[in-house]
Amino acid sequence: MTIDINPDLYAQVPDEHGRYGIYGGKFVAETLMSALAELEALYNHLKDDPVFLREFDLDLAHYVGRPSPLYEAARWSDMIGGARIYLKREDLNHTGAHKVNNTIGQALLAKYMGKKRVIAETGAGQHGVASATVAARLGLECHVFMGAEDVKRQSLNVYRMKLLGAQVVPVTSGSKTLKDAMNEALRDWVTNVDNTFYIIGTVAGPHPYPMLVRDFQSVIGREARAQSLAMTGKLPDALVACVGGGSNAIGLFHPFLSDNEVAMYGVEAGGKGVETGEHAAPLSAGIPGVLHGNRTYLMQDENGQIMHTHSVSAGLDYPGVGPEHSWLKDIGRVNYVDATDTEALAAFHRVTRIEGIMPALETAHALAYAEKLAAEMTPDQHIIVNLSGRGDKDILTVAEIDGIDLGAS
Amino acid sequence: MSRLGPLFDTLRAQNRRALIPYLVAGDPDEALTVPLMHSLVAAGADIIEVGVPFSDPMSEGPTIQKGHERALEGGTSLLSTLALVKQFRETNSETPLVLMGYANPLERKGYAAVADACAEAGIDGLITVDLPPEEVADMNTELQRRNIDNIFLISPTTSDERIVTITAQASGFIYYVALKGVTGAGHLDTDAVEAHLATIREHTDLPVAVGFGIKDANTAATVAGCADAVVVGSALVDLVAKDLIAGGSHDSAISGAQSLISSIRNGVNLATSN
């Protein structure tokens, strides 16, 4: 495909109202508006402050272990016989996923604001673990809201959070998954807004969150761009990342947006198949609306009620998506596609066996699509896939699906 | 034409405070809603706030969340809520009605279509929790064209500067959220409420209603000492729910609600009786 978009466009979003085209904004209750304004003012001041940026970079280097490698998946690429696939190894970060890039950044903001208590929502538990980790390191009180359904299917991460000293609050309202955890976190924030910093885990929520999470995660794409040039002498032909809320995808994509020759694919959770209605793919099958503080594509019914979603991966099981993705879809810069539960599980097993890398089930959606895409391309081309997290947390889920009794319970 | 302005003019002339009960439309089923609304008026309600059920009511505490869930299970939507309002209007054309809800059901139907449907049903004002002044302009334009009031929330965290912005766009009344928290929370600080209301009144002559955290005649009496109107939500929703869960009929839910509202009415009246 050819893309012909003015490269300066991407630097212009969000606008001063937190808008990406018609998406984004600050759709929250009045009680939170002053907290958002305070956060926005602080971040606008700090984002170009060399002292803050140096502190962030040092933490990423010495605590997270950045830069993460770009690794050529040679055996897998040979098997496919098309484009060469490179994996951006966010799974090697401390705590095992890209989520920590953002929690390091937001914890620094909390520290600058003097907040002693942090809260977070989590789906797969990766953001919860990353939040509990930075809270432990800074001596902050940490409460993680998690859907009761996810508490069950991600028990390993629940225990990790508890070991780190966080209080995990199971949420039993609504569909008992990520969206309800976010509702409950927002309710807590309204109640404790004076002493609490809300660490949002993805590029959603009210402005300035989608912007600042994007900025913190963009380290992924900046590194990948330089690594691609160093290793192959050119930019990649395509980028692939899974999209739930979309933070790992925007982190990889954003530094490449002005490179019109780089194609981009955001892979949503197709669940049992988009045509069955049991999925979590708002960009593929949703309608714009307002949820959790921003206007974006949502899975909703004709009355504007948010629908229950389905995905084998808790981290993608969310009816909305970051507003910048909605905008990138509408302007045609990024292609949004999907991979089903079955395709993701097959890719999980394949990459584990062929490359010795066990991906998170979320990440496996990106791998499933990358395999199809690479097969249609040629060996002189290359694709970068964001290997956004490792799969240790998912082994109980995979064992159960495969009918294997680990004797754990 | 909204009934809110004339009502508050009358009440002010009589040195009375308004009582505003809140219910969730269709909670626990649509058969209760209209009879309950009439009974609230009979028990002393001046205005009724009708909650539009939403799947993700982010500002509600557990009590009202459950009310929304019960109503959604019965299939109540924005449009069926307005159908109930129309039914209420068949025998009551005086009591002002205010819809309270969230942005997405309005976005889904389109702001102009929603404003038309509200005008046709006999709605006087709208409170949309997640449409702060920064996001409400388009909806407000549609409401103003149809003389429906857009009612803004002001909270304990709202700065003086924002109070000026909000009161400049507001009509009908101002809804002061009495505490940092969700509906039904239990930590109302009436001294702080009084101080905040004094600040708000420096910037506007609009009536100020106070809600969140008012549960009984005592809290209502205290708040009515400084507010123009008192909103009671969770206490009523909880009572209706408990009665129905205990196997009560709609009749007993209605009589329970009536005695709660009568007692709060007396509390509100106490504030101005001496």
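The model shown is predicted, which means the values in this text are computed figures rather than measured ones. In the text below, chain A, chain B and the rest are named by the order of the sequence lines, each starting its count at 1.
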Practice task
Among the options Leu131(B), Leu72(B), Val177(B), Val136(B), pick out the one with the most heavy-atom pairs lying under 4.5 Å from chain A.
Solution key: Leu72(B)
Practice task
Tell me, for Leu79(B) versus chain A, whether the close heavy atoms (under 4.5 Å) come from the side chain, the backbone, both or neither.
Solution key: neither
Fill in the blank from the handout: Here the pair of heavy atoms bringing Pro57(B) nearest to Arg187(A) is O-NH2, 2.7 Å
Handout entry: Any His207(A) side-chain heavy atom under 4.5 Å of Glu134(B) side chain
Key = no
Practice task
Could you tell me which portion of Val28(A) (side chain, backbone, both or neither) has an atom closer than 4.5 angstrom to a non-hydrogen atom of chain B?
Solution key: backbone
Problem - Contact class of Pro133(B) relative to chain A, heavy atoms under 4.5 angstrom - result: side chain
Handout entry: Interface residue of largest heavy-atom contact number with chain A, from Ser59(B), Gly61(B), Ser55(B), Pro156(B), under 4.5 Å
Key = Ser55(B)
Problem - Between Ala29(A), Gly18(A), Gly174(A), Ala37(A), the one whose heavy-atom pairs under 4.5 Å with chain B are most numerous - result: Ala29(A)
Problem - Reported CG-to-CD distance for the pair Asp180(A) and Gln65(B), which is rounded to 0.5 angstrom - result: 9.0 Å
Handout entry: Partners meeting side-chain hydrogen bond (donor to acceptor under 3.5 Å, both in side chains) with Thr177(A) (sequence neighbours left out)
Key = Ser175(A)
Problem - Side-chain (Gln305(A)) to main-chain (Pro53(B)) donor-acceptor, under 3.5 angstrom - result: yes
Handout entry: Asn303(A) CG to Lys109(B) NZ distance, which is reported to the nearest 0.5 Å
Key = 5.0 Å
Handout entry: Within-4.5 Å side-chain heavy-atom neighbours: Ser159(B) and Met33(A)
Key = no
Handout entry: Contact listing (chain B partner; residues 284-301 of chain A; heavy atom under 4.5 Å)
Key = Ile287(A), Gly289(A), Val290(A), Leu291(A), His292(A), Arg295(A), Leu298(A), Gln300(A), Asp301(A)
Fill in the blank from the handout: To the nearest 0.5 Å, atom CE of Met58(B) lies from atom CH2 of Trp189(A) at 12.0 Å
Problem - chain A contact via Leu106(B) - which portion, at a heavy-atom distance below 4.5 Å - result: neither
Practice task
Tell me, for Leu78(B) versus chain A, whether the close heavy atoms (under 4.5 Å) come from the side chain, the backbone, both or neither.
Solution key: neither
Exercise for the section: Could you tell me whether the side chain of Thr191(A) reaches within less than 4.5 Å of the side chain of Leu179(B), counting heavy atoms only? Expected result: no
Handout entry: Interatomic spacing from CD in Glu135(B) to CZ in Arg19(A) - rounded to 0.5 Å
Key = 4.5 Å
Problem - Derivation and outcome, side-chain hydrogen bond (donor to acceptor under 3.5 Å, both in side chains), residues Glu30(A) and Ser155(B) - result: CA-CA 6 Å; Glu30(A) 175 60 26; Ser155(B) 86; 5.1 Å; no
Completion exercise
The interface call for Asp194(A) against chain B, heavy-atom contacts under 4.5 Å, is side chain
Handout entry: Contact summary for Gly304(A) and Asn104(B), nearest pair of heavy atoms
Key = O-ND2, 2.9 Å
Fill in the blank from the handout: To the nearest 0.5 Å, atom CZ of Phe212(B) lies from atom OG1 of Thr31(A) at 7.0 Å
